[in-house]
Amino acid sequence: MLFPWVCLLLGLLGLAAATEDRHTNNWAVLVCASRYWFNYRHMANTLAMYRTIKRLGIPDSNIILMLADDVACNARNVFPATVYANKDRHLDLYGDNVEVDYRGYEVTVENFLRLMTGRLSDNVPPNKRLLSDASSNVFVYLTGHGGNEFLKFQDNEEMSAFDIADAVEQMWEKKRYNKLLFMIDTCQANTMYSQFYSPNVIATGSSELGENSLSHHNDMDIGVAVIDSFTHFVLEYIEPLNKTSRNTLQNLFDTYDYDKIHSTAGVSSHLSTTPPSEILITDFFGGVAGVEVEQPATAPEGDVAIGAGWESSEGAFHRQDSARTFRKIATTETAGLPFTPTSSTPIRGILGAAVLVGAAALAFSHSR
Amino acid sequence: MRLSHFVAVLSSAVLASAGPTSPQDAFHEVLTLQPLPDGKLSVLFEFTTHFSLHKGDGPSQSHHSLTPPTLLLPLEKSNVSELTISFTSGQWNQLRHGESGPPAYEAGGGGGEVRGWLEGGDTDTAWDDVTHAFAGLFCATVGAEHVGESVRTFGDLYPPARQGNNLSHYLVASPHLHLCTENLTPFLSLLPSKGLSGLSALLAHPGNVLGWGFKTEGIDVVMPSKTQQGTWTGWWGGVVDLVPERGGTRGFTLKTIFGTNLPRPFPKAASSTLRLIAPEGGLAVDPAPQKVNKRWVDGRRREVAEWDLFTEDLQDKDFGFWWHEEGPFKHPLHFEPPAVTISRVAADRHASDATFVVNIANNADVDREAVYSEVWPWWVKGWLSEMSVKVNGAAAPDLIHSIDYHPSTPPTPSTTDLHLRLTLPARSTVQLSIPFTKLTLKYDDHVPDAERGREIPASVLTLLDVKGEEERYADKALETGTVDVQRTSRRRVYGPKLLLDVPTPDFSMPYNVIIMSSTVMAVFFGSIQGRIIRRWGWVEASK
């Protein structure tokens, strides 16, 4: 009697393991929760993050950008239609192509939670929806003014750590993410992720309980602080990376330094089955989708230019021509690297068969 | 080479499948420059596409050549026959600019406005769908949050361009909206030239065009009928200051205005034209225009110069415009006012009450017939019985011929619509005073920055006697500068939108009261309860 159950369980576990670590699409929700000109830096934080993930390949259609105010076209902005996150004003973050999905009064706790959980009315257009699924990696970035277990939205309401934790749990139940990276830059930010209880969530924040999250520097012409320290150093780390980067989240977390950020940035990864050292930064910040490519059985591993740009990857094209057998699954960037055997097709077949056998045995034993 | 050949074959196949009955789509672009008397320049881009819905073999197929499906599909799906979306940011100064409004005649009042004609039954749902779709497209909530906020009484004032059966009119004004890059990006993406070539390339510099003082953007779509092609026009207008910051001459070139020479033409355009409406006294230009006509422009006979931008020797050229022998610009002390001007203020301001004072000046020598309309949110309650009408200071209640009044139903989201049919006597100013009360808003009716106040939509004056700008045979003999206020296509003149301060409670006070009373309860509860239930006395100790 025990055999069919064990068989079924093993099969299911095996299938779960086999489909793990696979994501086919990336989504990002970037929220600036504060309004008013003097919070320019929060808009700049969010837009700098927006620019970075767009640069690394997440398309506008997969980014939900929420800005509680418009500093770019604010009458006080001496540089109309621009937002700068550095006083050298070298890089205009607003650029000539920006899609703000929720702006001004639309940025509310209700709209944010509805967006995350997908509980929106029928006629909400697709660019205001988080259309993620069980194989999406979702990156959530929040910035604004916060306190112990809350984040202030606009100037009149707050979202608590429990609200966001429950929303994420609902997302998990509705299969709206594969992995979720939660990043928050507010005062006492680390308290905001203290209540998470859903699987596969990695969270990081700028400052611990009782600490302020400080701005980085001012621009004397704009007249206000232009970026927050934590976001500045995160972006500084990511800026030289490109889509083919092999750097992991752990590499990023290791750069957190109190002397530079002036607050204790925190990380929580106990909910994730995969440690941050095995998750690529581009798994969240880039639009690098998993693609199935063929591997020649005898391909020498040395001829692949990993981390180099497209121009130097001609070797990879030659290599693909040489063999047509369909054996292994990998992302385009990992081509040529050793693979985890759990993701190979034959094993999945065997495990699927195990499930079928288990189910059949169970049915058979019940019918007797 | 092979690819371009393939594209050519493909496009000819598309055209062939469109059949002989539907005429080809055509795209026209015009840039109109008009110097204004106060040292500013009015700029207007107009991109007009004539289109048909190229149906393939079945209803599920449609081909889009010059107009993207993102624009037409939501309109088709919701049975929209006409739709206008307009954003206006900044203030058009009627007196100093010398015109009643921007040269984009379809532009609405301040903020965002969406209006349209829908066909068929259950148009409420269809209207909701289509406004939400365009809110997503234009990155701005153009539609109403609640059904009651859509205004249904403007149908007579915005007659449909094309007759249809069972048409319903809707209008929603969102005065708090303004323009920024996220609204320009989708606008450019709707154009076939995408801001890459042709006149649209001059527009694709947000840092430049969004720095202008006044700007307006919008689309105006008329869907095709069985017999006629559809037309959609996208416009972008603005007012540029020509006088340098530290003073100087107001001569300008395309490069000083747009930061670039004339871009290469958009090859698919049927026409690409630069138009200059010459100011009184004339303007020197280089290169010389190919055509100079006299035309009616907003009620005045003007000289209009035109350049065909497909002409080869104009490409990548800079155009120069200057006033002959003009030194540093001296700001005039007196401006000739336009035919009609409107001002509106909230006077006698108190926390809860105020009075709208509207001055409508008719500067022409003829009486004008018009309808003055106001749309108020539910929390503005007008006292129409207290309304007064004055002409040049003397009471004149007879000027109002009829009042069409649709009160709101507070506190549900709804609007008050008021239409006054009136005569504006020649060379005089009509003053309307309407006292109103601001009703108390509940805590969650307030916008997030409640202390800033809330905007109410611009008022609008619809002129009933305009005759259009088409040329007639007898016009040929008329001199430039001749005025006939009725020879204009501007049917509407907008008053300003208003920012009303609403009675705002100190939101922290309820919390203070709760916290204070809880503290009092906690501190004194024990002792009072002790007094009530305890009795003091001697207790004999047990032995």
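All chains are named by letter (A, B, ...) in the order of the sequence lines, taking the proteins before the strands, and each is independently numbered beginning at 1. Given the structure is predicted, the values throughout are model-derived calculations rather than measurements. Note that these values count all heavy atoms, side chains included, but never hydrogens, waters or copies made by symmetry.
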For a quick test of reading the model, state the closest non-hydrogen atom pair linking [X] to [Y] and the distance between them.
X	Y	answer
B/G136	A/P125	CA-CG, 3.6 Å
B/C139	A/E99	SG-CA, 4.0 Å
A/R35	B/P448	NE-CB, 4.4 Å
B/L177	A/R103	CD2-NH2, 4.1 Å
B/L210	A/C73	CD1-SG, 4.2 Å
B/P206	A/G95	CG-O, 3.7 Å

For [X], does the [atom1] atom have more than 12 heavy-atom neighbours from other residues, nucleotides or ligands under 6.0 Å away?
X	atom1	value
B/K194	NZ	yes
A/R119	CZ	no
A/H90	NE2	no
B/N512	CG	yes
A/K174	NZ	yes
B/E145	CD	no

Please look at [X] and chain A and tell me whether the side chain, the backbone, both or neither of the residue comes under 4.5 angstrom of a heavy atom of that chain.
X	result
B/L184	neither
B/N183	side chain
B/H205	neither

- Message: If we define contacts as heavy-atom pairs under 4.5 Å, which of A/D155, A/N97, A/T108 has the most with chain B?
- Response: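 Option with the top pair count is A/N97.
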What distance do [X] atom [atom1] and [Y] atom [atom2] have between them, rounded to the nearest 0.5 Å?
X	Y	atom1	atom2	value
A/Y94	B/E182	OH	CD	3.5 Å
A/N123	B/T131	CG	OG1	7.5 Å
B/T185	A/D96	OG1	CG	7.0 Å

- A/T82, A/V83, A/D92, A/V98 screened by side-chain contact (heavy atoms from CB on, under 4.5 Å) with B/T181, the one that passes: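 Result for side-chain contact (heavy atoms from CB on, under 4.5 Å) with B/T181: A/V98.
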- Item | Toward chain B, the part of A/D101 with a non-hydrogen atom under 4.5 Å |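 The answer is neither part of A/D101.
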- Are side-chain N/O atoms of A/Y36 and B/D449 paired as donor and acceptor at under 3.5 Å? no
- Task: Say whether A/D70 and B/H178, considering side chains only, have a donor N or O and an acceptor N or O under 3.5 Å apart.
- Result: yes
- Taking the side chain as C-beta and beyond, is there a heavy-atom pair between B/T141 and A/E106 under 4.5 Å?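 Result yes, sub-4.5 Å side-chain heavy-atom pair found.
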